[in-house]
Amino acid sequence: MPGLFSFSPFEELEQLRRRMNRLFQESLGWEPFTRPGGVYPLVNISEDHDHVYVRAELPGVRPEDLDITIKDQSLVLRGERKIPKAEENVNYHRRERESGIFRRVVRLPGPVNPDKVSAVCKDGVLTITLAKPEEIKPRQIKVTTA
Amino acid sequence: MAEQELQPKIKEEAPAKGERVRPGQVFLPAVDIYETPDSLVLVADMPGVAGEGVAIDLKDNLLTISGEVTPPPAGETLVVREYAVGDFYREFQLGELIDKNRIEAVMKEGVLTLVLPKAEKAKPRKIEVKSG
């Protein structure tokens, strides 16, 4: 019968999740419930006057395991997290860390200069610094009295 | 065999243990703990933590590891935030007696490897089963 099942509990939950996220985002600036469907690695993007910064937590990943490319307004992060094999005579109590590959596209908030991109891996945090092209940098407007 | 694709994990907050001096959230680092005949080895992911930011304490078989992250530089406006940044803290009740003087810790690329050698008398003794 049409109309009998118009209430979808999952949609209600999804709406609640979105509203909660919005509430948190507006008051605290962060969301407690990441949208499902996120891709590894999770990134934080920030910017200042001249640069855009993309950061990702990649513990144990070395520069040689990373492959970063940039095209237009997208960054492609590919790589592998390797965990060295334990020796023979070893028994596990806990196993929470994972190894594997990742391949993710990060959409940048605005245009960048593809020739001025640098990436640093420090203490397991990858920081990619991208320079904003000159044309789009906010320009100070001088106010003069007539 | 195809390589496994990594899935993003949301950081879990460490249970509150009294108020801290530094502001911000505290998370549980993901750990692998395994045992060799001679020692317990603990490997913890603490990205953003440098060697100097790590603190390890072992008292009465309670092992505490904590890491202080270097905060991101000020002056940047956040545009997208998919993960939270904060210090790490975790406690473990060890079932083995550890020789505290021979504990080794290495912090590299955000991964802490802690080798806890078992105290002499805690090493497993093979029990001879005699028939008769």
Side-chain angles (χ1 to χ4, degrees), chain A residues 25 29-35 37-49 51-63 79-81 83-84 86-104 106-110 121-127, chain B residues 2-13 25 27-54 67 69-70 72-85 90 92 94-96 107-113:
Chain A
Q25 181 68 44
W30 52 269
E31 295 179 11
F33 310 110
T34 309
R35 247 158 252 108
V39 182
Y40 185 98
L42 299 177
V43 300
N44 284 351
I45 307 181
S46 55
E47 61 175 2
D48 59 20
H49 187 268
H51 294 98
V52 175
Y53 307 95
V54 177
R55 289 190 179 87
E57 292 188 334
L58 293 167
V61 175
R62 305 159 303 168
E80 192 178 348
R81 160 102 202 252
I83 294 185
E87 301 122 35
E88 283 303 303
N89 220 353
V90 146
N91 299 318
Y92 279 85
H93 287 242
R94 252 186 227 263
R95 199 125 185 223
E96 296 169 2
R97 299 161 66 233
E98 290 173 340
S99 60
I101 61 163
F102 51 90
R103 32 192 188 175
R104 175 182 177 169
V106 177
R107 195 99 184 100
L108 297 167
C121 231
K122 183 172 186 287
D123 296 327
V125 177
L126 170 68
T127 304
Chain B
E3 269 273 21
Q4 178 190 281
E5 287 216 34
L6 289 165
Q7 297 299 316
K9 284 218 191 111
I10 302 180
K11 286 183 181 173
E12 216 179 300
E13 277 210 68
Q25 297 173 281
F27 300 103
L28 296 169
V31 302
D32 287 342
I33 304 180
Y34 59 85
E35 191 174 335
T36 71
D38 299 314
S39 50
L40 272 177
V41 181
L42 182 146
V43 189
D45 283 344
M46 295 199 285
V49 179
E52 311 82 69
V54 177
V69 294
T70 23
E76 292 177 17
T77 325
L78 200 56
V79 178
V80 170
R81 192 211 234 242
E82 290 181 355
Y83 67 89
V85 179
R90 201 155 176 188
F92 297 94
L94 297 180
E96 302 269 359
M107 187 66 187
K108 188 165 174 243
E109 287 153 8
V111 180
L112 171 70
T113 306

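Values below: all heavy atoms of this structure, side chains included; hydrogens, waters and symmetry mates excluded. Protein chains get the first letters and strands the later ones, always in sequence-line order, with residue 1 at the start of each. Only a predicted model underlies this, so the values are computations on that prediction, with no experimental measurement involved.
In this structure a side-chain-to-backbone donor-acceptor pair under 3.5 Å is missing from A:Asp123 to B:Pro47. Between the side chain of B:Gln4 and the main chain of A:Ser99, a donor-acceptor pair closer than 3.5 Å is present.
To the nearest 0.5 Å, the span separating OH on A:Tyr53 from CG on B:Leu78 amounts to 13.5 Å. Note that the NZ atom of B:Lys11 and the CG atom of A:Leu42 stand 9.5 Å from one another [nearest 0.5 Å]. Rounding to the nearest 0.5 Å gives a distance of 12.0 Å between OH of B:Tyr34 and CG of A:Asn91. Once rounded to the nearest 0.5 Å, the distance linking CD1 of A:Ile101 with CD of B:Glu5 reads 4.5 Å. Distance check, rounded to the nearest 0.5 Å: CG of B:Leu6 to CG of A:Leu58 gives 9.0 Å.
Scanning all heavy atoms of the two residues, the minimum distance from B:Val111 to A:Gly60 falls at CG2-N, 3.5 Å. What you find for B:Gly75 and A:Asp48 is that their closest heavy atoms are O-CB, 3.5 Å.
For a residue to count as touching a neighbouring chain, one of its non-hydrogen atoms must lie under 4.5 Å from one of that chain's; by this rule B:Leu42 does not touch chain A. Both the backbone and the side chain of B:Val43 come within contact range of chain A, judged by heavy atoms closer than 4.5 Å.
Most heavy-atom pairs under 4.5 Å with chain A, from the set B:Lys108, B:Lys9, B:Met107, B:Met46: that is B:Lys9. When each of A:Val90, A:Ile45, A:Ile83, A:Thr127 is scored by its heavy-atom pairs under 4.5 Å with chain B, the top score falls to A:Ile45. By number of non-hydrogen pairs under 4.5 angstrom with chain A, the leading residue of B:Val41, B:Val49, B:Thr36 is B:Val49. Contacts with chain B were tallied for A:His93, A:Arg97, A:Lys122; A:Arg97 has the most, counting heavy-atom pairs under 4.5 Å. With chain A as partner, the option from B:Val85, B:Thr70, B:Asp45, B:Val69 having the largest number of non-hydrogen pairs under 4.5 angstrom is B:Asp45.
Annotation: side chain to side chain contact (heavy atoms under 4.5 Å, CB included) contacts of A:Arg94 (sequence neighbours excluded): A:Glu96, B:Val31, B:Ile33, B:Arg90, B:Phe92. Residues meeting the side chain to side chain contact (heavy atoms under 4.5 Å, CB included) test with A:Arg62, sequence neighbours left out: A:Glu64, A:Asp65, A:Lys82, B:Glu109.
Just one of A:His49, A:Arg55, A:Glu47 meets the side-chain contact (heavy atoms from CB on, under 4.5 Å) condition when paired with B:Glu76; it is A:Arg55.
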